[in-house]
Amino acid sequence: MHMSELSFAYYPGCSGLGTSKEYERSTRAVCKALFVKLVDVPDWSCCGSTPAHTVDHVLSAALSARNLAKVEAMSHETVLTPCPSCLTNLRTANHRMEKPEFRERANKLLDAPFKGAVEAKSILQALREDVGLKMIAASTIKPLKGLKVAPYYGCIMNRPPELMKFDDSENPMAMDDILTAMGAEVVPFPLKTECCGGSFGVARRDVVAELSGRLLSVAKRAGAEAMVTACPLCQMNLDLRQGQAASAKQETFDFPVFYFTQLMGLALGVSEAELGFDKLCVSPGRVLDAIAAAGRVAERESTPGSQA
Amino acid sequence: MPVLAGKELRIVGFLCNWCSYGGADTAGVGRFTQPTDLRIVRVPCSGRIDPLFIVKTLLGGADGVLVSGCHPRDCHYASGNFYARRRLEVLKGMLPIMGIDPGRFEYTWVSASEGQRWQHVVTTFTEQIHALGASPVKAVLGAYPGAAPSKGGDSAAA
Amino acid sequence: MDVVNMNASYDADFVAKVQEESEQNLSLCYQCGNCTAGCPLNFVYDIPVSQIMRLAQAGQKEKILRSHSMWLCATCESCTTRCPNDIDVARVMDVLRHMARREGYVSEKAVKTFWDSFLDSVRKHGRVFEMGLVVNYVLKTGRVWTDMDLAPKLMPKGKLSLTPHPIKGTEEMEKIFKRFEEQGGCI
Amino acid sequence: MKIGVFVCHCGSNIEGTVDTAAVARTAMDFPSVAYAEDVMYSCSEPGQDSIINAVREKGLDGVVVASCTPRMHEPTFRRAVERAGLNRYMLEMANIREHVSWIGKDREANTNKAADLVRIAVEKLRRNRPLTPKSFDITRRVMVIGGGVAGIQAALDCADGGIEVVLVEKTSSIGGKMSKLDKTFPTVDCSSCILGPKMVDVVQHPKITLYAYAEVEEISGYVGNFDVKIRKKASYVDWSKCTGCGLCLEKCPSKKSMDYFNEGLGTAPAINIPFPQAIPKKAVIDAGFCRQFIKGKCGVCAKVCPSGAIDYSQQDEIVEEKIGAVVAATGYDLFDISKYGEYGGGRYPDVITSLQYERLLSASGPTGGHIKRPSDGKEPKTVVFVQCVGSRDKSVDRPYCSGFCCMYTAKQAILTKDHIPDSQSYVFYMDIRAPGKLYDEFTRRAMEEYGARYVRGRVAMIYPKGDKWVVRGADTLMGTQMEVEADLVVLAAGAEAAVGSPQLAEKLRISYDKYGYFMESHPKLRPVETNTAGVYLAGCAQGPKDIPQSVGQGSAAAAKVLGLFSKEKLESDPQISQVNLTRCVGCGKCEITCPFGAIHMIDFRGQPKAEVIETVCQGCGICTVTCPQGAVQLEHFTDNQILAEVEALCQF
């Protein structure tokens, strides 16, 4: 069931080189396994993230447009990125630069101007819509049996809907659908799009502790054993800062926080090493063992003669 | 009075009484400001508009003609605007043959409740005509010699 | 509380500027409070976002630019997404931040410093060098103990590289920022 | 011909941006104009008198009034010229208010444009000729569409006025939304106790023919003489035999049918009578759930029915009725709350609509009048009401206020306390809209006597927490966020035009606004009339209304119908087509294109000729354009008149 290969320009985003190495790796592994070709944007630079748009919208657009222009030069219409923050900036720049007057101002800051004909899409959207659930389910080798997860989309993967044009802005389902298709049990998580505190971790850890803490305790109450994210910043806040959140909430969590691509990779039979589970701060060991155990049971039942 | 030199161009509108004329009224009641070029001729139904009226108006030296009726299926006379649409489509195709820029004629549908839409229609059409500039017809023919009855008499009962 | 004299304190230029830069019509706001209701950051705001909108309508520049709220807005887009009048509230908050910077109001120094350090890093290397960013931030703020508790968690994971990965077009990046400043942009 | 021109100031409405005196001066130069003046208020008594005097003194034989839209005052000024002794059709109007003074501030351009409009009016008038209307007979029967409280009122008032009424109701029982309500504000009257008797009056009234479970298929004709086709939908029960005993409901093995009357709370048997007081009390089979139709075998109802009324082979039936007027009272439908994803409507079982809550409060409802929440049947102690769900919200294209939600929410808060004394209600509101006799007092009572806690602010999100529902809103007066952990959340869903309204409007040839509400002919002065003669409006079909307003409009529409039918005969508008027999070649094209069948072919000295049936012709003029010979001309809109207007504009 080999489908014609999809090919996209690919914009990894800065955190992929550091704090979200495992997201970066697992993304590439999953795309490879699903025959999605990722062509890196040559000499890509930072989109400016939150700090840029808090300073000025033209500067912010220019920082993103430098990369969009490179995508144009690659003659690709669509660029994929795993990071919602990069995605928002790329899409916003693209959208605002549809206005000639604004485009001119932004291009003034650039060596190579951006003409404005590139669509930025999240890896999640590409997997959900371009690859599709059928293909994903069919390619699942090790179903994620015995895994109860709370998918958390973060605040800007789908919002504002007019700009992001993907999934339901109040109750997104893309990750739910993918993980379910791969055999995981998804618990209904009501705060799918609530903010985790974003980039305030360093300057105002109290903000992140409170907000991420709330997400973790609600996910826990919902009966999940782990959270699944699609955002480097969310993952870092929920995983690396889980201790800070715990003390803020006076709760204990010990709650693994995966990137959805890591779990997909697992189901697709990619080696755990390639998926960088060792990079997670809260050890996923217990959860991974549970999946493996459930898998063995399933196998035994399916092998003939073992019924006796 | 003569068209205000430089300021205005001569734009004639044929509007059906029940929808578009009412829509223009609604725009007025809502004080939706519009360009002053347009002069509205009121007819009972867009189905009453003979393509010949439009041709004569344009050959008479008007710079633009705007026709507006009820939305399809919403005609006060059930099917008048369907006849209108058919006739006006044909006309649009024939204007170039007569050497008239088809951009000088548009037809649209505006209901009695759509004051804002009417404002938009008038504004954009007026801009469109100003973009095309004054009609060359006048220069060529001079002002239209006068509309001899195309057919029929003043009163049929004659 | 003192009387707000509208004749004296309504700053028309400010209102006009906010509307122009945000491309939003402030008078669309009818104060339903939906933005405040859904704002996750409200608990650290000194003025709730719906009141920021009200103050903006009322041209109360001083009060707004002195507030902490817009510095603590995470641009999570709840307000923009749920506004019954389709106002891009998050964008208004962004624009207010821009103004505060330009006019030298900084109610949340640490936040600003972090963002500045971030952009410094981008300017220098083309991509964010996380380690350098934090160090830079610590030096500027003197907050030596920032996230020290995290270091032991992070280090062994080999996530934080100790050297930047500069891009080829670094001088191109520098130019972007230079041109921005030359056009009167302030960072 | 001597024409008089009267240019109206309309106070400052026109004079403010048009130099009316200058327009009058200019008009003096127009052909045939013998007199021109500007008038302060031409529609006022002195204004009309000055026109009448001028006609008499100056011996005018035609009048042009330059003022507001003819759609407003043409009848007024026609009466005026008639009083002056002229034929009422020797009048033309120039619309220099709606089309000039109100849409531009440039006084020079406006004055110039106004003069132009007067010029074309003069040119048209010069080619007018006196016309006399013909009179024709009326069918003194009215069709009321919609059996809600507005339609019921209109039907009863007409019938009591001695007119035959045909009442068409889409569902299997009349009563409409009101029959689903438990109590009504501000009196807390029992809804079905005050509506029930009226419903009974309807079936018992000798002059009312009720078609329930039926819809208007097609309507043709014109004021005084409409022909309608009504589709009686197949109920698979012979209503002439059905006694409404309800045995079939008990015995029906398939109980999974959608319970529309209870707003989808619980299910109904596949053969059902919506509610005990239903009028008519007849059973209907829901073929989508009936085993006989799905599996092809069952027949339980047929076996148990004592009167042998079940008829699985029944088909839709078309009945034809002749009527002279129509009252459209098709009501409203509820906004779909699932459009608010952040409220989880449709996803969260205990987040329900206000109308569903009415059914929970009602003794005839699915819970027998005990408030039980859908998820676990527990009695809620904390109930949160959220107002303006689908009202005053541009983002869901519902910018208008639904008008009655503030009031019914206050009522529901009061009733909640009555049902569950140890309960606490919260109401999230933006503004309280309570204009009406004893209305504001009522909302105050909800707070002051019943302790409902009102919170001024919208709700941003609702999410589950254990078996509670966290409602996160704002209190804009305190300037804080506000969270309430609720057992049950009631969304005050706004009103929408009833499904299918635009399609019906098109059948009736009346206008509707962008939301599907029917357009009245004047927002202030003709609220229950439409621009189509003989078609009237009542109730929410025209826009959201509460019960007293709907009843008032029902009566108002009835008064209009009675007024129309009080005339011996109706006068037809003489602005109709005329055939010039010498030009007509009898090709018959006009006969084919006429939408009203107002043209038929006759034999004239052995030759076929077209003839217009004067009382049937509606004056659209389609035939005039169709005729290849120019033999058919529409009076007062002849080719020459229109071309004269064009020429008047082009010569400059």
Side-chain angles (χ1 to χ4, degrees), chain B residues 1-4 7-8 10 12 17-19 21-22 24-25 27-29 31-36 39-45 47-50 53 56-57 60-62 70 73-80 83 87 111-114 143-144 146-147 149-158, chain D residues 26 69-71 95 97-99 102-106 108-110 112-113 115-117 120 127 129 505-506 509 511-514 519 531-532 577-580 583 593 595 618-622 624-625 629-635 637-647 649-652:
Chain B
M1 302 298 64
V3 175
L4 298 174
K7 247 195 200 163
E8 282 182 357
R10 177 59 83 211
V12 179
N17 174 61
W18 300 101
C19 294
Y21 196 93
D25 287 349
V29 174
R31 310 297 198 278
F32 299 141
T33 313
Q34 299 155 43
T36 52
R39 306 287 184 263
I40 294 173
V41 174
R42 175 179 172 225
V43 292
C45 176
R48 170 65 187 97
I49 297 163
D50 192 324
F53 298 164
K56 293 205 172 197
T57 312
C70 305
R73 292 191 318 285
D74 194 17
C75 175
H76 183 77
Y77 301 104
S79 52
Y83 289 106
R87 294 162 179 162
S111 84
S113 67
E114 296 175 318
Y144 187 63
S150 61
K151 53 183 190 177
D154 257 324
S155 104
Chain D
T26 320
T69 172
R71 287 162 56 94
N95 182 352
R97 191 177 73 174
E98 283 82 352
H99 292 190
W102 276 352
I103 59 168
K105 302 236 173 303
D106 180 336
E108 184 197 11
N110 283 357
N112 178 63
K113 181 177 179 183
D116 264 351
L117 296 186
I120 62 176
R127 293 159 178 79
R129 65 185 195 102
E506 284 155 13
R509 288 184 272 114
S511 309
Y512 53 95
D513 66 21
K514 63 179 287 205
M519 289 272 293
N531 283 328
T532 300
S577 291
Q578 295 283 358
V579 180
N580 180 333
R583 285 173 173 271
T593 47
Q618 298 298 297
C620 61
I622 295 171
T624 311
V625 184
Q629 303 301 314
V632 193
Q633 285 295 322
L634 177 62
E635 287 290 0
F637 291 96
T638 63
D639 291 336
N640 283 2
Q641 286 186 295
I642 294 170
L643 289 169
E645 295 180 69
V646 167
E647 191 199 344
L649 290 172
C650 287
Q651 64 187 241
F652 293 96

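Per chain, numbering begins at 1; letters A, B, ... match sequence-line order. Values below: every heavy atom of this structure, side chains too, minus hydrogens, waters and symmetry copies.
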In terms of heavy-atom proximity below 4.5 Å to chain D, should [X] be classed as side chain, backbone, both, or neither?
{"X": "B/Arg87", "value": "side chain"}
{"X": "B/Val12", "value": "side chain"}
{"X": "B/Tyr77", "value": "both"}

- Query: So, does D/Gln641 use its side chain to make a donor-acceptor pair with the main chain of D/Phe637 at under 3.5 Å?
  - Reply: yes

- Message: Tell me every residue that passes side chain to side chain contact (heavy atoms under 4.5 Å, CB included) with D/Asp513, counting only those two or more places apart in sequence or in another chain.
- Response: B/Ser113, D/Tyr515, D/Tyr517, D/Met519

- Would you mind checking if B/Lys7 and D/Glu108 are paired as a salt bridge, meaning a charged N to carboxylate O distance below 4.0 Å? yes

- Does a salt bridge link D/Arg129 with D/Glu635, judged by any charged N lying under 4.0 Å from a carboxylate O? yes

- Message: Using side-chain heavy atoms (C-beta onward) and a distance below 4.5 Å, is D/Leu649 in contact with B/Arg10?
- Response: yes

Give, as side chain, backbone, both or neither, the part of [X] having an atom under 4.5 angstrom from any heavy atom of chain B.
{"X": "D/Lys113", "value": "both"}
{"X": "D/Leu117", "value": "side chain"}
{"X": "D/Glu645", "value": "side chain"}
{"X": "D/Ser577", "value": "neither"}

- Item | Heavy-atom pairs under 4.5 Å with chain B, option from D/Thr593, D/Leu634, D/Thr532 with the top count | D/Thr593

- Task: Could you tell me whether the side chains of D/Asn531 and B/Asn17 share a donor-acceptor contact shorter than 3.5 Å?
- Result: no

- Message: At a heavy-atom distance under 4.5 Å, which candidate from B/Ala24, B/Ala62, B/Cys19 has the highest pair count against chain D?
- Response: B/Ala24

- Task: Could you tell me which residues satisfy disulfide bond (SG atoms under 2.5 Å apart) with B/Cys75, sequence neighbours excluded, listed by chain and number?
- Result: none

